[in-house]
Amino acid sequence: MSRKLLLGAVSVLGLASAASAEVPSVAADIPPVHSLVSIVMGDLGTPDLLVQPGASPHGYSLRPSEAAALNRADAVFWIGESLEPWLAGSIEALADNAHVIELVETDGTTELEFREGATFEAHSHDHGEDDHHDHDHEDAHDHDHEEHDHDEHDHDEHAHDDHDHDEHAHEGHDHHGHDPHAWLDPENARVWLDVIASELSELDPENAATYSANAEAGKTNLENLIGEISAQLDPVRGANFVVFHDAYQYFENRFDFPARGSITLGDASDPSPARIEEIQHKVAELGVSCAFAEPQFNPDLVATVFRGTDAQTGIMDPLGTDLEPGADLYPQLLRNLASSLTDCLG
C-alpha cells in the first residue's frame with residue numbers, strides 16, 4: 001500500500017474513532033432499565049449492565065468489570081436508592097463525574113405507596129380500586145401486624161446463602177414510603193424513555209435526533225403493548241390470585257388486575273405447620289385460583305404450602321431473569337407477566 005493510501009486509511013479510522021468516542025458511555029442498573037436505555041441508544045452504542053440477570057437488586061456486590069463500567073460511565077440510569085441502597089455509595093465513589101439519573105424521582109413517574117402488610121386479609125374485603133394503592137396499609141396494618149411479624153421471625157431463624165439473604169433483606173426492610181418496583185408500569189417506562197433520550201442528547205447533541213426518534217418509536221411500541229396485554233388479560237379478568245412477593249402492584253394497577261394478596265414468605269424459610277394450615281385455609285376461603293412464586297423460590301416449598309388446595313401454582317418474574325439483556329427484554333418481560341397470569345388462571 002502506498003504511503004498516501006496508508007495515511008488516508010489511518011485518517012478515516014481516526015475519524016471513525018472520534019465519532020464513536022462522542023457516544024456516551026452509559027451504565028444501567030437492572031435488566032429492565034438496561035433494556036430501556038438500549039432502546040434509546042439503538043445502533044449508536046450498548047449500555048453496560050451493573051446487576052446481572054438472576055441477581056437480586058436489593059443487595060449485590062459489583063464485580064470488577066461492573067465497577068469499571070460504573071467508573072467510566074458518562075451517564076448512569078438506575079431505579080433509585082429505595083430499590084438499591086447499596087448502589088448509592090458505589091455511584092458516589094466511582095461515578096462522581098457522571099450524569100446520574102434516579103428514574104423513580106423523575107417528573108411524570110407514577111409512584112405507589114407500599115402496601116403495608118399486604119397479606120391475604122389486606123385484599124379480602126370488597127374495597128374499590130383505590131384500596132390497592134396508597135391506603136391499603138391503613139385498613140390492614142393492625143390485623144396483619146402479628147402475622148407479618150411472625151413471617152419475619154421465621155426468616156431470621158434460618159440460614160441463608162447470599163441470594164437468599166438478599167431476598168430476606170427485601171422482605172424485612174422498612175416498607176414505608178414508595179414501592180420501588182415502578183418499572184412494571186409501562187407508562188412509567190414511556191416517561192423514562194424521554195428522560196433517557198434527553199440526558200443522552202445533552203451529552204451527545206450530534207445524535208440527539210436519533211435518541212429522540214428511538215424514544216418515540218419505543219413509546220409507540222409500548223402504547224400498543226399496553227393495549228395488547230389488556231386484551232390478553234380480559235378473558236381471566238376478575239380471577240383470584242396471590243403472589244409470594246408483593247412486587248407487582250404497578251402492573252396490577254396499570255391493567256386493573258389486582259392480586260388478592262401476598263404471602264410474604266421468604267424463599268428459604270420453612271413455614272410452621274400452623275402457618276401452612278393458615279395459608280391453605282385462606283386460599284380456600286378466598287377461592288384463589290393461582291399462586292405465583294418467582295424463579296428463586298424453592299418449588300418444593302411452593303408445592304408444600306399449596307398441597308391439598310385447588311390453587312394452581314405458577315411463576316412470575318419481575319426482572320426478566322431468563323431473558324437476554326437488550327432492547328427486547330422489557331416488552332418481553334411484560335408479555336411474560338401477562339402470559340403467566342393467563343396460563344395459570346385460564
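Treat the numbers as computed from the prediction; the structure is a model and nothing was measured.
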Polar side-chain atom of [X] near backbone of [Y] as donor-acceptor pair, under 3.5 Å:
X    : Y    : value
T106 : L103 : yes
N71  : L94  : yes
R260 : V242 : no
R335 : L225 : no
E294 : I315 : no
N214 : V40  : yes
E81  : A88  : no
D48  : A69  : no
T321 : P53  : no
S35  : A327 : yes

Counting C-beta onward and ignoring hydrogens, is there a side-chain heavy-atom pair between [X] and [Y] closer than 4.5 Å?
X    : Y    : answer
F255 : P186 : yes
L184 : L333 : yes
H178 : V104 : no
N336 : D317 : no
D204 : Y211 : yes
D194 : E216 : yes
P31  : L323 : no
W192 : T109 : yes

Indicate, with yes or no, if [Y] and [X] share a hydrophobic cluster defined by side-chain heavy-atom contacts under 4.5 Å among Ile, Leu, Val, Met, Phe, Trp and Tyr.
X    : Y    : result
V37  : V195 : yes
L203 : L44  : no
L49  : I39  : no

Of the non-hydrogen atoms in [X] and [Y], which two are nearest, and what is the gap between them?
X    : Y    : result
D179 : Y250 : O-OH, 2.6 Å
R63  : E66  : N-OE1, 2.8 Å
V236 : F257 : O-CZ, 3.4 Å
S82  : P180 : OG-CB, 3.3 Å
L200 : F77  : CD2-CE1, 4.2 Å
M41  : P47  : SD-CD, 3.9 Å

If you count the non-hydrogen atoms of other residues, nucleotides and ligands that lie under 6.0 Å from [atom1] in [X], is the total more than 12?
X    : atom1 : result
E228 : CD    : yes
N224 : CG    : yes
D328 : CG    : no
D96  : CG    : yes

Quiz item: Does a side chain donor of either E324 or Q332 reach within less than 3.5 Å of an acceptor in the other side chain?
Solution: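 Side chains of E324 and Q332: no pair found under 3.5 Å.
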Practice problem: Check whether the side chains of H58 and E84 place a donor and an acceptor atom closer than 3.5 Å, and report yes or no. | Solution: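 Note: H58 and E84 side chains miss the donor-acceptor criterion.
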Quiz prompt | Ring geometry between H181 and W183 (parallel below 30°, tilted from 30 to 60°, perpendicular above 60°) | solution =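 Tilted: the ring planes of W183 and H181 meet at 30° to 60°.
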Quiz prompt | Plane angle bin for F292 and F241 - parallel if under 30°, tilted between 30 and 60°, otherwise perpendicular | solution =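 Perpendicular: the ring planes of F241 and F292 meet at over 60°.
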When rounded to the nearest 0.5 angstrom, what is the spacing between [atom1] in [X] and [atom2] in [Y]?
X    : Y    : atom1 : atom2 : answer
L70  : S65  : CG    : OG    : 11.5 Å
T46  : D43  : OG1   : CG    : 9.0 Å
E102 : L83  : CD    : CG    : 10.0 Å
S339 : L334 : OG    : CG    : 11.0 Å
I196 : L36  : CD1   : CG    : 5.0 Å
I226 : D185 : CD1   : CG    : 7.0 Å

Exercise. Applying side-chain contact (heavy atoms from CB on, under 4.5 Å), run through L341 and M316 and close with a yes or a no.
Key: CA-CA 8 Å; L341 287 165; M316 292 180 75; 4.3 Å; yes
Exercise. Applying side-chain contact (heavy atoms from CB on, under 4.5 Å), run through L50 and Y60 and close with a yes or a no.
Key: CA-CA 10 Å; L50 298 177; Y60 186 74; 5.9 Å; no
Quiz prompt | Full working for side-chain contact (heavy atoms from CB on, under 4.5 Å) between I276 and R307 | solution = CA-CA 9 Å; I276 292 174; R307 185 174 295 125; over 6 Å; no
Exercise. Show the numbers, then the answer: is there a side-chain contact (heavy atoms from CB on, under 4.5 Å) between S230 and R254?
Key: CA-CA 9 Å; S230 185; R254 178 56 53 198; over 6 Å; no
